[in-house]
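Computed from heavy atoms alone, side chains included, the values below leave out hydrogens, waters and symmetry copies. Proteins get letters first, then strands, A, B, ... in listed order; numbering begins at 1 in each.
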Amino acid sequence: MPLIQPRTLKGFRDYLPSVMIPREQMMGVARDVFRSFGFAPIDTPVLEYLEILTGKGSDETDRQIYRFEDNGGRSVGMRFDLTVPLARFAAQHIGTLGTPFKRYHIAPVWRGENPQAGRYREFVQCDFDTIGTESVLADIEAVAVINRLLEQLGFDRFTISLNNRVILTGLLEGLSLADRTVPILRTLDKLAKIGFEKTKTEMCSVAEISEEQALKVLALAGCDGDADSIFERLPEITGNNEMAATGIERLKDIYQGAVASGVPATRLKVDVSIARGLDYYTGVIFETTLDDLPAIGSVCSGGRYDNLAGLYTKQHLPGIGASLGLDRLLAAMEQLGLLPNASTPAPVFVAFFDRDYRDDYLQLAANLRQAGIGTEIYPDARKLGAQLKYADQKGFTAAIVAGGNEWSERRVQVKHLATKEAVKVEYQHGQPERLINELRNLIEQ
RNA sequence: GUGGCUGUAGCUCAGUUGGUUAGAGCAUCGGAUUGUGGUUCCGAGGGUCGGGGGUUCGAAUCCCCUCAGCCACCCCA
């Protein structure tokens with residue numbers, strides 16, 4: 001019988017322990033950060049009725065949805081983000097939950113697009129949102145959460161770019177271009193990539209506006225420099241439009257609040273050119289890029305939306321949230337060499353040295369686990385060298401070697417695998433304290 | 001979805017204008033070393049040359065299709 005070729009689908013991948021260990025750790029960090037701000041966990045089904053998924057979003061996102069007919073003949077789709085399911089969820093449950101409602105959701109999503117470095121068809125998003133309030137405090141908090149997330153994940157050099165769509169909307173209103181908002185935003189978003197001239201040309205043709213108008217829009221985006229000077233120049237650039245003015249004030253407020261809540265000003269950048277493609281953002285928007293790896297794109301993006309669940313309920317639900325791209329971040333850490341090498345989650349290795357002492361090894365390991373120290377026993381009584389080699393490669397911190405000599409002395413040998421240094425430590429099954437202390441010291445180093 | 005580049009051992013790659021049994025380094029396994037691992041030496045295993053089809057006396061090498069990876073567009077985490 002011919003073998004079936006083992007393979008994974010395009011854009012999908014397996015995760016080996018060496019990747020899965022840091023991946024799980026990252027999810028744990030994200031979870032702890034979210035919880036520390038009072039966000040509560042929720043979960044929703046992978047599959048939704050197709051109509052739920054396709055209602056919002058653009059044609060492009062509709063095109064990327066994995067869709068099929070289920071065994072009962074229903075049209076269903078796999079979620080392509082966590083925001084649309086949240087909207088449905090909120091419309092269904094906000095009555096019992098009450099507002100403001102803060103939730104986080106860490107789960108995989110699926111998009112049928114062409115993969116590239118840092119882009120997959122299946123990837124995990126870590127979303128957090130606050131819905132049911134328009135308070136600027138929620139906006140500020142979102143920035144603080146992003147900062148804390150990346151900090152806790154071990155990043156130091158990153159930039160959170162901030163903008164407020166209202167500023168641009170106000171400017172466009174002043175130019176009588178309110179109906180062209182979407183194509184203008186799309187084009188504007190490319191400024192950093194394709195440059196001033198091309199953006200101008202494209203804006204004129206795609207959005208069907210005059211060169212004069214395009215120049216005014218681009219003047220806004222060209223507003224560069226430190227935050228204070230940008231805030232100073234913006235009112236003039238927007239022609240003192242009233243709506244734009246409130247947007248500027250709001251952005252300023254967010255900026256100051258973020259600094260007050262401990263986000264270093266060096267990590268914040270007011271960038272009036274970022275737009276974000278998704279149409280549902282209506283207020284502040286943000287993107288986060290790694291200073292050492294800008295090419296990988298935004299690793300955490302989000303913003304404020306006026307009416308999250310308008311498609312599913314008449315209740316007005318404003319909110320703000322962002323999404324951390326965990327798998328993209330993981331790919332970045334891989335490239336930057338930030339991933340640890342360990343492929344074992346347990347720090348202590350017990351060599352199966354002598355068959356006669358099998359039950360002693362088992363009891364010793366049980367004692368260590370009881371004390372919260374992860375411990376693995378080698379399954380075969382192979383030669384010691386091979387066992388130690390295995391332990392070293394897997395990245396254990398310490399190995400315990402105990403043969404007849406040790407057991408008769410009521411001691412065991414603790415070997416620090418990185419330094420090859422070994423010490424003998426007193427140990428009896430009823431009195432594991434000295435061994436536990438010794439191991440804790442090694443693990444903490 | 002469209003276009004470009006790539007695909008040889010677990011990994012990194014070599015393979016001369018198509019020409020005998022497709023190679024190297026690292027890794028793995030065994031031994032030197034029956035109670036102590038990252039060095040050294042000796043030896044071994046491992047490849048349907050991504051897959052399928054075609055041209056040819058003969059294909060890793062040329063052609064077509066397909067799958068996958070990377071890049072650009074699009075979009076985005």
Side-chain angles (χ1 to χ4, degrees), chain A residues 2-13 16 26 30 57-65 79-83 106-127 146 149 185-187 189-190 193-194 198 202 206 274-279 281 286-290 295-302 321-332 335 341 349 351-354 357 378 381-396 399-407 413-422 424:
Chain A
L3 290 173
I4 298 163
Q5 194 193 351
R7 53 187 187 153
T8 48
L9 249 14
K10 178 180 184 158
F12 290 73
R13 62 217 196 115
L16 273 53
M26 287 169 81
S58 52
D59 293 346
E60 274 89 11
T61 52
D62 283 1
R63 220 182 62 205
Q64 292 179 358
I65 294 173
R79 61 175 176 231
F80 69 94
D81 71 4
L82 299 176
T83 305
I106 301 176
V109 301
W110 294 267
R111 292 183 194 177
E113 67 171 345
N114 251 349
Q116 277 174 36
R119 296 175 72 158
Y120 309 98
R121 290 186 165 179
E122 176 183 57
F123 59 95
V124 165
Q125 286 194 325
C126 305
D127 268 37
I146 294 176
L149 268 175
L185 282 178
R186 284 249 161 80
T187 316
D189 214 25
K190 296 181 191 170
K193 215 181 233 174
I194 66 176
K198 280 189 177 173
E202 194 174 321
V206 173
I274 63 164
R276 305 260 82 218
L278 285 173
D279 322 335
Y281 292 123
F286 22 69
E287 293 188 348
T288 312
T289 47
L290 302 176
I296 205 156
S298 176
V299 294
C300 189
S301 317
S323 179
L324 179 79
L326 189 118
D327 283 305
R328 179 172 283 190
L329 213 41
L330 195 68
Q335 279 189 44
N341 242 344
F349 175 85
F352 192 174
F353 188 18
D354 187 333
Y357 294 96
Y378 198 79
R382 289 179 69 196
K383 62 182 225 179
L384 197 53
Q387 295 194 39
L388 289 171
K389 197 170 175 184
Y390 166 86
D392 188 50
Q393 282 170 349
K394 292 279 163 160
F396 286 93
I400 290 177
V401 179
N405 298 346
E406 282 84 359
W407 289 115
Q413 196 183 135
V414 174
K415 198 170 174 92
H416 189 201
L417 285 159
T419 61
K420 296 168 118 172
E421 282 167 19
K424 287 200 174 178

Does R111(A) get its side chain close enough to the base of C76(B), under 3.5 Å, for a donor-acceptor pair?
no

How many whole angstroms separate atom CG of L384(A) from atom P of U36(B)?
7 Å

Within this structure, what is the CD-to-C1' distance between Q125(A) and C76(B), rounded to whole angstrom?
9 Å

In whole angstroms, the gap separating P of U36(B) from CZ of F352(A) amounts to 19 Å

Distance between the P atoms of U6(B) and U61(B), in whole angstroms?
14 Å

Mind checking the P distance from U55(B) to G10(B)? Whole angstroms is fine.
31 Å

What does the B/S/- profile of nucleotides 64-73 of chain B look like, 5' to 3', with a 4.0 Å heavy-atom cutoff to protein?
---SSSSBBS

Centres of the F396(A) and F349(A) rings: under 6.0 Å?
yes

With the side chain of E113(A) defined as its heavy atoms from C-beta on, choose the nearest nucleotide among C75(B), C76(B), G35(B).
C75(B)

Should the side chain of K383(A) and the base of G35(B) be counted as holding a donor-acceptor pair, with the cut-off at 3.5 Å?
no

Considering residues at least two apart in sequence or located in another chain, which fulfil the salt bridge (Lys or Arg N to Asp or Glu O under 4.0 Å) criterion with R119(A)?
E113(A)

For residues Y390(A) and Y378(A), establish whether the separation of their ring centroids is below 6.0 Å.
yes

C1' gap between G47(B) and A24(B), integer Å:
14 Å

Proximal nucleotide (of G35(B), A77(B), U36(B)) relative to the S323(A) side chain
A77(B)

Determine whether a donor-acceptor pair (N or O, by modelled atom type, separation under 3.5 Å) exists between the side chain of E122(A) and the backbone of P108(A).
no

Suppose you measure atom C1' in G3(B) against the same atom in U56(B); what distance do you get, rounded to whole Å?
32 Å

Of the options L330(A), L329(A), L326(A), which is the one that meets V124(A) in a side-chain contact (heavy atoms from CB on, under 4.5 Å)?
L326(A)

Look only at the side chain of T288(A) and the backbone of C300(A), and say whether a donor-acceptor pair between them is shorter than 3.5 Å.
yes

With both distances under 3.5 angstrom, what nucleotide forms a Watson-Crick or G-U wobble pair with A68(B)?
U6(B)

Residue F123(A), side-chain heavy atoms: nucleotide from U28(B), G1(B), A77(B) that is nearest
A77(B)

Expressed in angstrom and rounded to an integer, what is the separation of Q64(A) atom CD from G1(B) atom P?
11 Å

I'd like the C1' distance from C41(B) over to C49(B), given in whole Å.
33 Å

Does the structure show a Watson-Crick or G-U wobble partner for C73(B), both distances under 3.5 Å? Name it, or say none.
G1(B)

Please name the nucleotide paired to C13(B) by Watson-Crick or G-U wobble geometry with both distances under 3.5 Å, or report none.
G23(B)

Touch class at under 4.0 angstrom, heavy-atom based, for A418(A) against every strand present
base

If you take atom types as modelled and just measure distance, does the side chain of Q387(A) reach the base of U36(B) with a donor-acceptor pair under 3.5 Å?
no

Heavy atoms only, 4.0 Å cut-off, all strands: where does E406(A) land among base, sugar-phosphate and nothing?
base

Rounding to a whole Å, what distance do you find between K415(A):NZ and G38(B):C1'?
11 Å

Between G23(B) and G69(B), how far apart are the P atoms? Round to whole Å, please.
31 Å

Mind checking L417(A) for me? I need base, sugar-phosphate or nothing, with any heavy atom below 4.0 Å counting as a touch.
base

Using whole Å, what does the distance between atom P of nucleotide G35(B) and atom CH2 of W407(A) come to?
18 Å

Using whole Å, report how far CZ of R13(A) lies from C1' of A77(B).
12 Å

Under the 6.0 Å and 45° cation-pi test, does R13(A) pair with Y120(A)?
yes

G297(A) near the nucleic acid: base, sugar-phosphate alone, or nothing, with a heavy-atom cut-off under 4.0 Å?
nothing

I'd like to know if the side chain of R111(A) reaches the main chain of F80(A), judged simply by a donor and an acceptor atom lying under 3.5 Å from each other, with no hydrogens or angles considered.
yes

Pair assignment for U40(B), Watson-Crick or G-U wobble, requiring both distances under 3.5 Å:
A32(B)

If you measure from CE on M26(A) to CD1 on I106(A), what distance do you get to the nearest 0.5 Å?
10.5 Å

So what does V299(A) touch, heavy atoms closer than 4.0 Å: a base, only the sugar-phosphate, or nothing?
sugar-phosphate

Specify the separation, in whole Å, of atom CZ of F353(A) and atom P of U36(B).
8 Å

For the C1' atoms, the ones on G4(B) and on G45(B), what distance do you get once it is rounded to whole angstrom?
40 Å

Expressed in whole Å, how much space separates the P atoms belonging to U39(B) and C29(B)?
13 Å

Under 3.5 Å, is there an N or O donor on one side and an acceptor on the other linking the side chain of N405(A) and the base of G35(B)?
yes

Sugar-phosphate only, base, or nothing, as touched by G112(A) at under 4.0 Å among non-hydrogen atoms:
nothing

K415(A) side, atom NZ; K424(A) side, atom NZ - distance, nearest 0.5 Å
12.0 Å

First encountered from the 5' end of RNA chain B, between H416(A) and R328(A)
H416(A)

